Amino acid sequence: MADIQRTLVLIKPDALQRELVGEVLSRFERKGLKMVAMKMAHLDEATLTEHYGHIKDKPFFPSLVQYMRSTPVVAIVYEGIEIIDEVRKVVGATNPRKADAGTIRADLSMNVPSNMVHASDSIDAAATEIKRFFTDDELFMYEKLTDRFHFGEGI
Ligand code: UDP
Ligand code: MG
C-alpha cells in the first residue's frame, strides 16, 4: 500500500474576511480527509520569508506578505495515503483564473495573492512546513472510522 503522508494547509486571510473558512473545511471534510491538527496563527515577516523562501525575490512578494499578515490564518494538518497531491488537487492551481472548475481556488476566488488556501507541494516541503507550525504533541493520532472507505477495502 502507498505511504501515509501528512500535509500542511493554511486557510488564508481572504477566506477569513469573506467568511468562507467553514466552506473550505467542509470541502476537505467531504473529500474524507483526516485532520490531525488545527490552530489559528498570526504570521510574522520572518516566518513568511521562510515559508515563501522560494519566491522571496519576486516583485509580488511584499504584497504577499502584507496580505498574509492582514489577519490570522487557520493552520491544519491532514493525514492519509498520497494526501499531499490529493489536497493540491482539491485546492487547484495557484492562479484561480487558471484553476479547474470544482477546485477551491477556481470556485471561490479570482486573484493572487488572495487565493484562499496554501497547501504543501512535496513530501519535503510538508515535513518542513508542519514543523514550522506545530509541535509533535499538537499532532493527534486517532482512528477515523471512515478511513475504511477512503483508504481501505471499502466496507
Ligand atoms: N502568488 C502571487 N502572485 C504570483 C504567484 C504567487 O501573489 O504570481 C502568491 C499566491 O498567494 C500563492 C503564493 O504566492 O499561493 C505562493 O506561491 P506558490 O508558487 O508557492 O503557489 P502555491 O503553492 O500556493 O500554489
Ligand atoms: Mg507553494
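Heavy-atom basis, side chains included; hydrogens, waters and symmetry copies ignored. Treat the numbers as computed from the prediction; the structure is a model and nothing was measured. All ligand and atom numbering here is 1-based and tracks the order in the structure.
- No side-chain donor-acceptor contact under 3.5 Å links T103 and D100.
- Ligand 1 lies under 4.0 Å from heavy atoms of K12, Y52, H54, I55, F60, L64, R88, T94, R105, V112, P113, N115.
- Between the side chains of E23 and S26, no donor-acceptor pair of N or O atoms lies under 3.5 Å.
- Checked for salt-bridge contact, D136 and K131 miss the test: no charged N lies under 4.0 Å from a carboxylate O.
- Classification of R132 and E50 as a salt-bridged pair holds, one side-chain N sitting under 4.0 Å from a carboxylate O.
- The aromatic rings of Y78 and F28 are tilted relative to each other, their planes meeting at an angle between 30° and 60°.
- Not one N or O on the side chain of N111 forms a donor-acceptor pair closer than 3.5 Å with the backbone of S114.
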